[in-house]
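Worksheet: one structure, shown below.
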2 protein chains.
Amino acid sequence: MLNDSFMDALNRAIVERLLLDGRATYQEIGNAVGLSAPAVKRRVDLMLARGEIAGFTVRVDPQAMGWILEGYVEIFCSGIVSPAMLERELGPIPEVVRVSTVTGDADAMVHIMASSMAEIESTVERIRTAAHVVKTRTALVMSRVIDRPGA
Amino acid sequence: MLNDSFMDALNRAIVERLLLDGRATYQEIGNAVGLSAPAVKRRVDLMLARGEIAGFTVRVDPQAMGWILEGYVEIFCSGIVSPAMLERELGPIPEVVRVSTVTGDADAMVHIMASSMAEIESTVERIRTAAHVVKTRTALVMSRVIDRPGA
DNA sequence: ACTGAAACTCCCGGGAA
DNA sequence: TTCCCGGGAGTTTCAGT
């Protein structure tokens with residue numbers, strides 16, 4: 001190999017290609033980045049094994065799938081907020097798509113998706129009754145203006 | 001086909017499968033949902049044509065890719081906020097991963113990813129100088145506690 | 001069901017430590 | 001020399017009609 005930085009540049013190019021089309025063939029990727037198909041596969045497998053690539057997925061139009069409503073819920077907790085506790089308490093809620101602990105006044109940002117306003121309401125209710133949550137602040141998404149893959 | 005609701009249930013099962021593994025073969029999906037491979041392909045192509053499936057992509061570990069910093073920026077604008085304007089003004093910023101107009105006190109939620117604190121700072125600065133933004137409220141992500149595919 | 005193509009798996013060659 | 005990485009061909013499976 002030439003050096004590490006060059007290798008990372010190749011992997012980065014491969015990932016960039018896969019971000020655009022996760023079903024691209026190894027040959028297509030190879031042509032784009034200047035490698036043979038088996039070489040690309042080896043690198044992809046390595047990145048998978050190292051966890052740099054978590055897996056492959058499909059990009060779904062949430063509206064078409066009936067998840068017509070989406071929102072960000074900031075939660076404010078009393079006392080200590082451990083990631084493990086958040087995972088245990090919010091993990092079972094299917095409408096909860098992402099939870100991140102954050103800096104600032106809120107303790108965590110919860111991203112939720114639901115198919116009806118009633119579902120939003122009950123989901124926020126479930127969040128409120130969990131994990132020492134004392135307050136929530138919900139912002140409903142009206143429309144996605146920009147959405148890049150790989151977020 | 002039997003009827004629309006049954007078809008949607010099958011499509012939903014196919015999508016669910018693809019969410020877990022975007023590179024699953026049509027045969028694997030067919031075995032899982034009780035269809036032949038060509039039948040699965042027909043349905044996937046249809047969903048692609050209708051935009052229900054936007055495409056395929058790879059799930060990347062942001063940390064491994066060097067996007068070690070992530071944040072949510074709420075923006076508050078003066079006057080009218082049109083999605084088209086937001087797209088035009090924030091689209092060119094590469095660190096901006098998602099922009100959604102939202103209800104509540106903020107006008108839009110901007111999701112950003114960056115590789116350094118300096119990049120975060122300059123990105124927020126660029127956002128502030130755009131689109132009649134009069135105020136921003138930034139929450140940096142400390143850790144992702146829950147992350148489901150297909151968000 | 002059939003054809004073409006892609007994935008997967010060897011083994012080999014070359015370059016660096 | 002030894003190890004690591006990329007290239008190439010054969011086999012099997014999958015994609016596309």
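Letters A, B, ... mirror the listed sequences (proteins, then strands); counts begin at 1. Small disclaimer: the values here were computed from a predicted structure and weren't measured.
For the salt bridge (charged side-chain N to carboxylate O under 4.0 Å, His left out) test, residues two or more places apart in sequence or in another chain that qualify with B:E70 are A:R98, B:R144. Contacts of A:S115 classified as side chain to side chain donor-acceptor pair (under 3.5 Å), with partners at least two apart in sequence or in another chain: A:E119. Taking the side chain to side chain donor-acceptor pair (under 3.5 Å) definition, one finds that A:E52 meets it with A:R50, sequence neighbours left out. Qualifying ring-ring contact (aromatic ring centres under 6.0 Å, His included) partners for A:Y72, counting only residues two or more places apart in sequence or in other chains: A:H111, B:Y72. Residues passing the salt bridge (charged side-chain N to carboxylate O under 4.0 Å, His left out) test with A:D21, sequence neighbours excluded: none.
Taking a 4.0 Å limit (strictly below) on heavy-atom distances, residues 19-38 of chain A reaches DNA chain C at A:T25, A:Y26, A:Q27, A:P38.
Counting to the nearest Å, the P atom of D:dG7 and the CZ atom of A:R42 are 8 Å from each other. One can place NZ of B:K41 at 12 Å from C1' of D:dC14, the figure rounded to the nearest angstrom. One interatomic measurement links the two molecules: CG of A:D45 to P of D:dC5, which rounds to 14 Å at whole-angstrom precision.
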